[in-house]
Amino acid sequence: MGETVRLSAWVHGMVQGVGFRWWTRSRALELGLVGHATNARDGRVHVVAEGPRPACERLLAHLRSGDTPGQVRLVVESWEPARGDLTGFEER
């Protein structure tokens, strides 16, 4: 299974009001991740996902793939050890 990590990704572009959070939740659940996708007031979406590092890296690749709803301009990620305080995957 490998190292369990927490991915925090800020997604810039036209990503609100286009089904982006729902799409992200679906990809995360397919990968067995927990976390949330939250709209920020400035138009970005903040994605927090926790699970095995390879699965989180795959989610990050999905976010950058160009196959997302809307239009992703930039994804800025940071990594930290898993905290274990998340369950399920929510759209916020």
Side-chain angles (χ1 to χ4, degrees):
M1 184 190 232
E3 175 188 18
T4 302
V5 296
R6 180 177 284 220
L7 165 66
S8 176
W10 287 95
V11 184
H12 301 248
M14 190 184 77
V15 290
Q16 290 190 12
V18 294
F20 186 85
R21 290 177 301 144
W22 176 88
W23 179 89
T24 299
R25 179 180 180 272
S26 294
R27 300 296 82 73
L29 291 173
E30 289 171 0
L31 293 166
L33 300 173
V34 296
H36 54 85
T38 308
N39 282 341
R41 290 185 181 191
D42 62 5
R44 297 179 295 169
V45 170
H46 185 211
V47 177
V48 175
E50 198 166 278
R53 185 168 187 112
C56 287
E57 289 173 347
R58 178 117 170 127
L59 179 62
L60 185 60
H62 282 304
L63 297 175
R64 291 182 167 145
S65 72
D67 283 336
T68 65
Q71 191 172 44
V72 173
R73 185 172 41 84
L74 173 70
V75 180
V76 178
E77 92 262 11
S78 62
W79 298 88
E80 62 182 84
R83 297 180 194 168
D85 59 347
L86 300 170
T87 58
F89 201 98
E90 302 177 4
E91 296 173 55
R92 297 182 179 170

Inset, instruction - Please state whether the rings of H46 and H36 are parallel, tilted or perpendicular, taking 30° and 60° as the class boundaries. - result: perpendicular
Legend entry - N/O donor-acceptor pair under 3.5 Å between E50 side chain and R83 backbone: yes
Inset, instruction - For Q16 and A40, indicate whether the former's side chain and the latter's backbone hold a donor-acceptor pair under 3.5 Å. - result: yes
Legend entry - Shortest non-hydrogen contact between G51 and C56, atoms and distance: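 Scanning both residues completely, I find the closest heavy atoms to be N-SG, 3.8 Å.
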Inset, instruction - Taking all heavy atoms of P69 and all of G19, pick out the closest pair and write down the distance. - result: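 P69 and G19 have their closest heavy atoms at CG-O, 3.8 Å.
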Inset, instruction - Could you identify which residues cluster with V34, counting Ile, Leu, Val, Met, Phe, Trp and Tyr as linked when any side-chain heavy atoms lie under 4.5 Å apart, either directly or through a chain of such contacts? - result: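 Its cluster partners, ordered by chain and number, are V48, L86.
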Inset, instruction - Any chance you could pull the hydrophobic cluster mates of W22, using side-chain heavy atoms under 4.5 angstrom and chaining through other members? - result: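 ILVMFWY cluster around W22 also holds V5, L7, V11, M14, V15, V18, F20, W23, L29, L31, L33, V45, V47, L59, L60, L63, V72, V75, W79, F89.
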Inset, instruction - Return the set of residues passing salt bridge (Lys or Arg N to Asp or Glu O under 4.0 Å) with E77 (not counting sequence neighbours), or none when no residue passes. - result: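 So E77 forms a salt bridge (Lys or Arg N to Asp or Glu O under 4.0 Å) with R64.
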Legend entry - Within 6.0 angstrom of Q71 CD, more than 12 heavy atoms from elsewhere: no
Inset, instruction - Decide side chain to side chain contact (heavy atoms under 4.5 Å, CB included) for T68 and R27; before the verdict, give the C-alpha distance in whole Å, the side-chain angles of both, and the deciding distance to 0.1 Å. - result: CA-CA 10 Å; T68 65; R27 300 296 82 73; over 6 Å; no
Inset, instruction - Measure the spacing between CZ of R73 and CZ of R44 and express it to the nearest 0.5 Å. - result: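 It comes to 10.0 Å.
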